[in-house]
Structure formats: C-alpha cells, structure tokens
Amino acid sequence: MSENIENTNESLDFIREMVAEDMKSGKFGGRVVTRFPPEPNGYLHIGHAKAICLDFGVAAENNGVCHLRFDDTNPTKEDSEFEESIKNDVRWLGFDFGEHLYYASDYFERMYECAVELIRRGKAYVCDLSAEEWDNYRGNLGTPGRESPGRSRTVEENLDLFTRMRNGEFEDGAMVLRARIDMASPNINMRDPVIYRIRRARHFRHGDKWCIYPMYDFAHPLEDAFEGVTHSFCTLEFEIHRPLYDWVLDSLGYRFPDRPRQTEFSRLNLTYTVMSKRKLLQLVKENHVKGWDDPRMPTLSGMRRRGIPAAAIRRLCRMVGVTKFDGTTDVALLEHCIREELNTTAPRRLAVLDPLKVTILNYPEGGVEPLDAVNNPEDPAAGSRKLTFSRELYIDRADFMLEPPKGYFRLAPGREVRLRYGYFIKCEEAVIDADGKVTELKCTFDPATRGGSAPDGRKVKGTIQWVSATDSVAAELRLYDRLFTVEQPGTDGVDFLTQLNPASCRTVEGRLEPSLATLTAGTTVQFERIGYFTVDPDTTADHPVFNRTVTLKDSWNTRQNAGK
Ligand code: ATP
Ligand code: MG
C-alpha cells in the first residue's frame, strides 16, 4: 500500500504527530496497535473508508498492527451478511487484517466479569427505575440528576441481582446495571450511565446464550484493553464519551502507559450524499435503490460496482486529511480523484451513447478496412488495436446539429470533421423523418486524410468518435447522476427521501466497438470523449451492460484553476 505509507513529504496530521511523539518517548514500548471496529449492522460506506485508511495506515506506517474487530454488542440489528461484506470491503480497499480478526461478542464472559468486579468495588449497581422515573431522575443540562434508590444497594444485593439478570429471571427492561459515577456531573454521559441491559434477542454468533448485553461505552474500552490496543481512533461525537472510556479503564485498574487511549477526529461527509447507516438501510429496504451495491450508493460495494477504484478512495482520504474540524467535502473532489486514477489505468475505447447512422456515399459497398487506434495515450505500453472502417457507421447524435451555433465545430450540413483514428468526413445531407427527427446522415470521406490529417494542409477543428455498423455491438449503458438533488440531503428538517434525484439513473442503448463486448465484469475503460465506464455484473455476451463510473468533465479541477 505504497500510497498509504507515503505520508512522508506531506506534513503529519495531528494523530500521526501524536503517534510519532509516542514512538519517540517510548510510551507503549514502541508498539502501535490500532483497530477498526465496525458494527455489523450495515454495509461499509466511504466514511468508514476514512477510518480504515487512518487505522490501518497509522499501524502500517509504524510497523504496528491493526485489528478488524466486529463491535457486535447489539444483537437486534446485526447479521452475518454484514460481517461478510465488511471483511470483503476492507480487503478490497487494500488492507490486510491477517489473523487479527476479532469479535466483541467473544469477550462477553470477560466483560461480565469486569462488571462483577465493578460491583465488588462499589462502582456499579442494579437500578430498577421505570422508564418514566428514569426521565425524572436524569435531570438535564442545567439541573443535576437525582440518585436512584438502587444506588444504595449493598454489594451483595447487587451481585445477586446481576447474576439473576444474567440467568434470565427478569423481563427485558425490568432493570439495568449502572456505573456509579456522579449524578451531578455536567456531562450527562457520566450520570451513572447504563452499562448492561436485559435484551432477549438472538445474537447472530452466540444464539440465545446471553440475555444481557453490555452497552457500547462500557464494552468498547474493554475490547481495546483486552486486545492491547494502544491508539483508539474514533469520530468526534465520541469526544464527550471519552471521560467514561477512561473511567471504565481506571476503575478496573488499567493504568498508563500500557492502556489504550482514545483520540477523536472528524467524520467524512460528502455533498449530495447521505452517510448515516440508518438512512442507507432505508434506501435499500424501501427500494429507492436496487440494493446495498447499487452504483449510486456511497457504500464501498456500490462504489466498487460502479467501477470506482479503491486507489481513488484512498487518494480522497489522503487529500481530505485528518483533523478535528467538522466539514463536508465536495463530492466533485471524489470525482476528481477517480479521474486521476482512471486516466492512467483505463484503456481508451470508442462508443456512442445515442447512435446516429452515417452512410459514407463514396466508400465501396461491403468494403471494410482496419485502422490503428491507440489504447492509452497516457501509457505507451498499452499498445494499439484495430478498428473497422466501413461504409455504414454510427456517430453520437450529440455530435451533429442541423443549425450549429457559433463555435460549434462538430458535424453539420456542409461541415467536415475528423473521425477519431480515421478520416475526415463531410456531411452532404441529413435525412429527416416526418417528425423532423434526423434519422441518418449522408456523408463523403476524403481518402487522403487517413490517419487524421489532410495533405493539402486544410484543418478541421472537431474530432468525434464513431463505431462501424458492421461489427459494433449494442449495449445497455447506465448513466448515473447524483442520488440527491441538494448538497445536504435531510437537513433543515426536510425528509431526505423527498430530495432523491429522479434522474439519478438513466439507461440508454448505445453502440460499442466490438472489443468491448467480451470484457469481464469490473473492467473499466474510457469511452473517448464520454467518460469512464465499467462492466456491470449484469452483463452477458448477448447483452453487455456498463455503468458510467464518472464523466470526463472535471468540475473540481476547473474550480481550483479559477481560484475558487
Ligand atoms: P452507527 O454507530 O450509527 O451504526 P457508524 O457509522 O458509527 O454508525 P460503525 O460501524 O460504528 O458505524 O463505524 C465503525 C467506525 O467507523 C467507527 O470508528 C466510526 O467512528 C467510523 N466512521 C463511521 N462513519 C464515519 C465517517 N463518516 N467518517 C469517518 N469515520 C467514520
Ligand atoms: Mg458507531
């Protein structure tokens, strides 16, 4: 993963600076152990990619290790389908967790013992306030909470009740185990937070073994400590939970320098995108998209299907950097990163989105002729291929105008253009049907312009792509646009579903040069002058299907150059 390790000539972000300091001072004995802790309750999205690049990146840069740990402490929403997709996506993104695959649920017994230990130390108690009472006791920002009657239970009573909670003697919700901290704390998270609750739900890995489950704020620091994690990175919303993270470890006797430390960084947000798992799940469940891997989704599986290279996502994460400032990244920057990657890797091919028939009047009937076409001008090693020239061709309808405005250099009646890798052709006549639609162009070609220039020095300004009617193949081309019509969907009290873009997927039947018919799913090419396209898994030999990965026009670059 050279580009992840290559952080050397850029200035270090605050997290990398901190880790470098720790390495220098020998804080963790020179060890760096990080973890990426997804909850298996959805598919990973590009926001997770930022965390993955940081967690795995910092470990790799410091000869450390990064654990993939499933934070599967909430049985009602978790599933092995999600687990599998997450493992797959992390690997696809280019990171190797090797043998370091862990599950929070495998620590349930140890966590239970930790809870018992807290009770023994007088630091946890069983509370059986009802839901309504709970609200009254909690207080609010300005008012301290009140102490629950359970707070004065003896250690013996608490041990007895907690054991019976585990043994299933009480209803769901009848009681909870709470940390005994400070009901007057200005930080609500520290007002005797719940650390265990009763929940009869089948766990996808442990079945019905447990009916009590630990809460995230209790479980997470323990998971980190059990695994010997040194640096625990999470997003900013956990900043106010950090005192509790530290309290749990302190109370159980985990001491520096050998215990994990939590550091927060800002999330990745993208314009025109929703990133909340709940909303993504809703899009899938309510069929607003075709699934988690719909190419319009910000999920890693959707992006992969769309043809976005993992390297482009890593590049974006590098460009965005790691800070404590919340912000929203322009999705145009992601598109820029995709083009930067694909420009060097994707072979060039010819295709037309909206075929318009062209007959070359002075080309012999039935005649065909091979023409050389360069595979990738950015990569001489990519070589060249043959295209077939013939009397009947297709060009893109968008490259012809009956009445061209000033500055239009493509085809029009009486005008001449260059066919890419071919000849100059001139439009002699446009055939128009009863509805006024152009159905065919009758053209002539100049045999002396083979290879794209005229011996008499005459110039043409336009070059357009084309395919031969003899051997081109029809294909389904899925043209994607942004999934939402507004930059920040779902804000200002608006339902994000009302902001879905009805034109986010437009399907056209285009025509492709024949070499494109046999590509396997996942292959990305550039359709010259149109965009980057990737073969979809729906493709068959008879019916090729391509996803438009991204268009060629780089609005981010343009804006940068304009100094905006
Ligand atoms: P939720 O907890 O609401 O289900 P989540 O997005 O926090 O959703 P997790 O599976 O808990 O999902 O996330 C795993 C890790 O990825 C966490 O450390 C989390 O902080 C990080 N992460 C999630 N979303 C983003 C984001 N948009 N940018 C950066 N990191 C993120
Ligand atoms: Mg989370």
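In this chain, numbering begins with 1 at the start of the sequence shown. Counting starts at 1 for both ligands and their atoms, following the listed order.
- On a distance-only criterion, Arg267 and ligand 1 share at least one N/O pair closer than 3.5 Å.
- Close approach of ligand 1 to Ala51 is summarised as follows: ligand atoms under 4.0 Å from at least one heavy atom of the residue are 16 (O), 21 (C), 30 (N).
- Between Phe238 and Tyr216, the gap from one ring centroid to the other is short of 6.0 Å.
- The closest approach between any non-hydrogen atom of Glu237 and ligand 1 is not below 4.0 Å.
- At distances below 3.5 Å, at least one donor-acceptor pair connects side-chain atoms of Arg31 with backbone N or O atoms of Gly228.
- Annotation for ligand 1: atoms under 4.0 Å from non-hydrogen atoms of Thr235 are 19 (C), 20 (O), 29 (C), 30 (N), 31 (C).
- Contacts of Asn41 with ligand 1, taken as heavy-atom pairs under 4.0 Å, involve the side chain alone.
- Taking the centre of each ring, Phe70 and Phe82 stay at or above the 6.0 Å mark.
- Ring to ring, His100 and Phe97 are not that close: their centroids are 6.0 angstrom or more apart.
- Close contacts between ligand 1 and Glu39 involve ligand atoms 9 (P), 10 (O) [criterion: under 4.0 Å to a heavy atom].
- Between Phe36 and Phe56, a ring centre-to-centre spacing not shorter than 6.0 Å is recorded.
- Contacts between His45 and ligand 1 below 4.0 angstrom, taking non-hydrogen atoms only, involve the side chain exclusively.
- A salt bridge does not link Asp246 to Arg261: none of the charged side-chain nitrogens sits closer than 4.0 Å to a carboxylate oxygen.
- In terms of polar-atom proximity, defined here as any N/O pair under 3.5 Å, Gly47 does make such a contact with ligand 1.
- Checking only distances, Lys277 does come within under 3.5 Å of ligand 1, N or O to N or O.
- Aromatic rings from Tyr107 and Tyr102 are positioned such that their centres are separated by 6.0 Å or more.
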